[in-house]
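Counting starts at 1 for both ligands and their atoms, following the listed order.
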Amino acid sequence: MAPRMASPLDRLADFDLSEQQREVRRTVRAFAEREILPHVERFEREGRYPLELIAKLPELGLLGPMIPEEYGGSFSDYVTYGIICEEIARVDWVVASVISVSNSLCAGSITRFGTEAQKQRWLPGIAAGDVICSACLTEPGGGTDLGNMATTATKVDGGYTLQGSKVFISHAAYAGLFFVVASIDLEKKHKGVTAFLVDPKQTTGITIGDFPMRTLKRDNLAEVHFENAFVPDETVLGEPGGGFPVLGSALDTGRFSVASRQVGQAQRALDLALPYASERKAFGQAIGEFQLIQQKITDMTCRVQQARNAVYQLGRMKDAGIERCSMESSMAKLLASQAAVQNVLDSMQVFGGYSVTEEYEIGRLLLEAKAMEFGEGTSELHTKLIAETMLGLRKQ
Ligand SMILES: Cc1cc2nc3c(=O)[nH]c(=O)nc-3n(C[C@H](O)[C@H](O)[C@H](O)COP(=O)(O)OP(=O)(O)OC[C@H]3O[C@@H](n4cnc5c(N)ncnc54)[C@H](O)[C@@H]3O)c2cc1C
């Protein structure tokens, strides 16, 4: 049996992984702390998209963990993919977002629903880091109720014209592939939804506008406008009008990777609090010796582990071949959202006033953790989906 790792933190994250998965965790953690973490604050201050950091990912195969080897990827299993997302997000939400948008939403959908030509066209470039992906789903009228989208795809000779706007689109200005959902018939609601693989650089009628954010300025979130943008027939992913199952499957995997990233954030909040609680003194002793601070450490530890267990359990279900695990995806996303936000709040309390100074990282994590609670389904949506499934009002 492989030796257990020594520290309690390592044991929590590591208990029943295979030796290969442990090695991935060790390698990715060391890479993230060495190559990414020292630069994150600077990129955020400068509001600069971290292209240089993203460029370091392909060397370790980190841009293709959901892409089969035959298309240049490094796919091994879902749990390993979750570990990669967790460890990169533990140091940077945005770099991890590139991995998860590219793999869960885009490459995963192409692998499952794409034609051979679509796989050949996109997958090797994504894995190699030549193509950054954006998912164009959310609209100004609302992101939760995706079946009610207003962006249209009108059939014309040889393809479709896209008309409408998307907001909150991460990576948009740097993307070489847009995964777009639009309706070919608004009256049919979700049965009109169609998925497209759009090359924004080769398509006229697409404009990318600023979407000013109070946080995550380095994420390059943008508005994307389609004005009679012509896309050929071969850009349809799956069937015309068959985009809702494509989207559902993409979001299912997306929720797994976002939840993994939130576990990374929750872990980071705890990791930052531990040395501070041991070193900071009040009333002549380390604050970590006060029971009220110990309570926070215990709560943070239990929360992150509960979320991690839910996320790895979901990964194992996917590895066992259960492709759609919607309720478990919702549970993982909900628990991981709660763990990330509450752990950051508790960790900030440990830091006291210093949590909101530029000297410490923890304050930056607050809005980032909250922002992640909205992506890939809000907590309210997941609460609703879990209850509806349990009550038999919705199919798995
Ligand atoms: C940092 C960040 C990055 C993002 N990146 C992307 C991206 O790359 N691509 C993309 O397409 N989108 C992206 N999004 C958008 C995100 O997916 C949406 O914000 C999310 O889907 C919620 O949509 P909304 O903000 O329009 O809220 P709304 O849908 O307007 O919801 C507002 C509130 O009402 C609640 N609500 C809605 N319906 C119900 C209900 N039935 N019952 C109870 N409560 C309900 C919601 O939970 C929420 O609290 C990103 C968002 C953020 C913050």
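For atom 30 (O) of ligand 1, the nearest protein heavy atom (residue, atom name, distance) is Gly142 CA, 4.2 Å. The closest protein non-hydrogen atom to atom 8 (O) of ligand 1 is Ser170 N, 3.1 Å. Ranking the protein heavy atoms by distance from atom 9 (N) of ligand 1 puts Ala135 O, 2.8 Å first. Closest protein heavy atom to atom 14 (N) of ligand 1: Phe168 CB, 3.4 Å. The protein non-hydrogen atom at the shortest distance from atom 20 (C) of ligand 1 is Phe374 O, 3.4 Å. Of all protein heavy atoms, the one lying nearest to atom 2 (C) of ligand 1 is Leu221 CD2, 3.9 Å. Closest to atom 31 (O) of ligand 1 among all protein heavy atoms lies Thr144 OG1, 3.5 Å.
Checked against a 3.5 angstrom limit, the closest N/O atoms of Cys136 and ligand 1 fall outside it. Here's the thing with Asp219: none of its N/O atoms is less than 3.5 angstrom from an N/O atom of ligand 1.
The closest heavy-atom contact to atom 23 (O) of ligand 1, among the options Gly143, Cys133, Ser379, comes from Gly143. When Thr378, Val181, Val94 are checked for heavy-atom proximity to atom 48 (C) of ligand 1, Thr378 turns out nearest. Here the shortest heavy-atom distance to atom 11 (O) of ligand 1, taken over Thr138, Val101, Asp145, belongs to Thr138. Among Lys384, Glu380, His382, the residue whose heavy atom lies closest to atom 44 (N) of ligand 1 is Glu380.
Listed by number with element, the atoms of ligand 1 under 4.0 Å from a non-hydrogen atom of Leu137 are 11 (O). Near Leu216, meaning under 4.0 Å from any of its heavy atoms, are these atoms of ligand 1: 1 (C). Near Ala371, with a cut-off below 4.0 Å to any heavy atom, the atoms of ligand 1 are 1 (C), 53 (C).
Checking atom 50 (C) of ligand 1 against the protein gives a heavy-atom contact under 4.0 Å. Checking atom 33 (C) of ligand 1 against the protein gives no heavy-atom contact under 4.0 Å. Using a 4.0 Å threshold on non-hydrogen atoms, atom 26 (O) of ligand 1 counts as touching the protein. In this structure, atom 39 (C) of ligand 1 has no protein heavy-atom contact shorter than 4.0 Å.
To the nearest 0.5 angstrom, Ser74 atom OG is 8.5 Å from Leu63 atom CG. One finds the NE2 atom of His39 at 13.0 Å from the CZ atom of Arg218 (value rounded to the nearest 0.5 Å). Put simply, CG on Leu247 and CG on Leu251 are 4.5 Å apart, with the number rounded to the nearest 0.5 Å. Between atom CZ of residue Arg48 and atom NZ of residue Lys217 there is a gap of 15.5 Å, rounded to the nearest 0.5 Å. The structure places CD1 of Ile110 at 10.0 Å from CG of Asn103, a figure rounded to the nearest 0.5 Å. How far CG of Leu237 is from OG of Ser109: 6.0 Å, rounded to the nearest 0.5 Å.
Taking 4.0 Å as the cut-off, Phe178 does not count as a neighbour of ligand 1 on heavy-atom distance.
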- Message: For Lys56 and Glu35: C-alpha separation, side-chain torsions, deciding distance, then whether salt bridge (Lys or Arg N to Asp or Glu O under 4.0 Å) applies.
- Response: CA-CA 8 Å; Lys56 297 176 183 186; Glu35 302 289 341; 3.0 Å; yes

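The closest donor-acceptor contact from the side chain of Asn228 to the backbone of Gln163 lies at 3.5 Å or more, if one exists at all.
By the neighbour-count criterion of 12 heavy atoms within 6.0 Å, atom CD of Gln291 is sparsely surrounded, having that number or fewer from other residues, nucleotides or ligands.
Aromatic ring orientation, Tyr354 versus Tyr276: tilted (interplanar angle from 30° to 60°). Aromatic ring orientation, His190 versus Phe244: tilted (interplanar angle from 30° to 60°).
Here Trp93 has side-chain heavy atoms under 4.0 Å from ligand 1, and that is the only part of it that gets that close.
Remark: the Ser337 side chain and the Lys333 side chain contain an N/O donor-acceptor pair separated by less than 3.5 Å.
Taking the six-membered ring where the residue is Trp, the centroids of Phe168 and Phe211 are separated by under 6.0 Å.
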